[in-house]
Amino acid sequence: MIPAGLINDRIERIARDIVHELVLQNNVGIVVLCVLKGGYKFFADLLDKIKQLNRNSEESVPLAIDFIRLQSYKNDKSQGEIQVIGGDRLENLKGKCVLVVEDIIDTGRTMIKLKELLAKHEPECVKVASLLVKRSSRSTGYRPDFTGFEIPDEFVVGYALDYNEHFRDLSHICVISESGKKKYAV
Ligand code: 5GP
């Protein structure tokens with residue numbers, strides 16, 4: 001669906017937007033929060049590009065990084081409940097500006113829940129960057145602050161997105177076929 005080169009170019013653009021809108025305006029400290037596991041490629045590539053821009057600007061802004069692990073999917077179906085199954089101590093976010101880095105927004109429920117959870121720890125601000133946003137009839141209407149691509153309502157894999165832990169290693173974002181879904185179902 002989206003080749004690696006295009007992903008790379010788009011991330012460069014998002015990094016610029018983030019630096020202008022968030023990093024350079026900031027005086028409370030930024031924590032870039034990676035949502036595992038699917039967000040790790042986007043997080044690593046985005047952070048590299050933000051760091052490059054940061055290095056070339058007059059004032060460089062220190063960025064802290066943090067991780068959270070959530071789980072909501074089995075096969076290609078959301079389980080409804082979102083579970084936090086690992087991560088750092090969220091107490092560290094108090095008074096900071098948090099940039100959440102997520103792989104994909106489908107219904108938006110995960111991000112709404114995560115934002116509720118983060119708010120309990122009193123960050124100064126929370127912004128969300130999602131590489132993908134699905135045009136889904138199940139959408140809650142939630143929109144992230146920074147979006148890579150809007151995609152059709154298909155289950156996608158690759159670039160760290162998985163289907164039951166398969167296909168995270170693909171460089172491109174791909175649509176899994178019906179036969180692939182059956183073959184790798186659990
Ligand atoms: P939401 O709560 O917005 O419905 O779902 C968000 C989460 O569902 C994402 O973080 C991701 O883990 C998973 N998800 C939604 N759509 C897809 C998809 O097409 N492919 C993969 N691999 N995961 C998805």
Side-chain angles (χ1 to χ4, degrees), residues 1-4 6-8 10-11 14 18 31-47 65-88 90 93 98-121 123 126-186:
M1 183 185 271
I2 311 175
L6 200 58
I7 300 172
N8 185 61
R10 184 70 190 123
I11 294 178
I14 302 175
I18 290 174
V31 180
V32 189
L33 182 66
C34 173
V35 182
L36 294 169
K37 296 181 188 175
Y40 89 85
K41 275 288 288 168
F42 179 39
F43 171 82
D45 291 347
L46 183 66
L47 210 62
I65 61 171
D66 224 329
F67 298 88
I68 190 164
R69 187 159 172 210
L70 307 175
Q71 200 167 46
S72 65
Y73 267 62
K74 186 175 176 192
N75 294 330
D76 59 347
K77 298 286 178 302
S78 169
Q79 300 295 289
E81 274 303 295
I82 286 111
Q83 290 174 308
V84 176
I85 55 171
D88 278 349
L90 297 175
L93 304 180
V98 182
L99 175 67
V100 179
V101 180
E102 169 70 305
D103 52 356
I104 183 164
I105 309 279
D106 181 1
T107 63
R109 284 205 197 93
T110 305
M111 201 42 68
I112 291 171
K113 287 263 174 206
L114 178 59
K115 284 186 80 173
E116 283 168 11
L117 176 72
L118 296 178
K120 290 187 187 145
H121 298 279
V126 177
K127 299 280 181 190
V128 177
S130 181
L131 181 64
L132 305 171
V133 175
K134 242 186 228 187
R135 283 191 288 272
S136 160
S137 56
R138 302 170 305 280
S139 170
T140 54
Y142 173 79
R143 306 282 307 171
D145 303 278
F146 304 95
T147 300
F149 301 92
E150 270 205 21
I151 61 164
D153 193 2
E154 308 261 19
F155 195 81
V156 290
V157 294
Y159 194 76
L161 285 102
D162 74 311
Y163 179 76
N164 297 328
E165 296 301 327
H166 297 279
F167 309 116
R168 289 194 199 276
D169 56 325
L170 295 179
S171 310
H172 313 293
I173 292 174
C174 307
V175 180
I176 184 168
S177 64
E178 288 308 313
S179 60
K181 283 185 192 172
K182 278 198 200 111
K183 183 167 174 189
Y184 295 100
V186 290

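Each ligand, and each atom within it, is numbered from 1 in the order the structure gives.
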I'd like to know whether ligand 1 has [X] as a neighbour, heavy-atom separation below 4.0 Å.
X      : answer
Glu154 : yes
Ile104 : yes
Gly38  : no

Can you name the atoms of ligand 1, numbered from 1 with element, that are less than 4.0 Å from a heavy atom of [X]?
X      : answer
Thr107 : 1 (P), 2 (O), 3 (O), 4 (O)
Asp162 : 21 (C), 22 (N)
Arg109 : 2 (O), 3 (O)
Lys134 : 16 (N), 17 (C), 18 (C), 19 (O)
Gly108 : 1 (P), 3 (O), 4 (O)

Exercise: identify the closest heavy-atom pair between Val128 and Asp145: N-OD2, 2.8 Å
Shortest non-hydrogen contact from Ile11 toward Phe42: CD1-CD1, 3.7 Å
NZ/Lys127: more than 12 non-hydrogen atoms of other groups inside 6.0 Å: no
Residue part near ligand 1, for Arg138, under 4.0 Å between non-hydrogen atoms: neither
Location of contacts on Asp103 toward ligand 1, heavy atoms closer than 4.0 Å: side chain
Working to the nearest 0.5 Å, report the span between [atom1] of [X] and [atom2] of [Y].
X      : Y      : atom1 : atom2 : answer
Asp66  : Leu93  : CG    : CG    : 5.5 Å
Met1   : Leu6   : CE    : CG    : 12.0 Å
Ile2   : Leu131 : CD1   : CG    : 6.5 Å
His166 : Ile176 : NE2   : CD1   : 8.5 Å

Whether Tyr163 side chain and Lys181 backbone form a donor-acceptor pair below 3.5 Å: yes
Polar atom proximity, Met111 to ligand 1 (N or O, under 3.5 Å): no
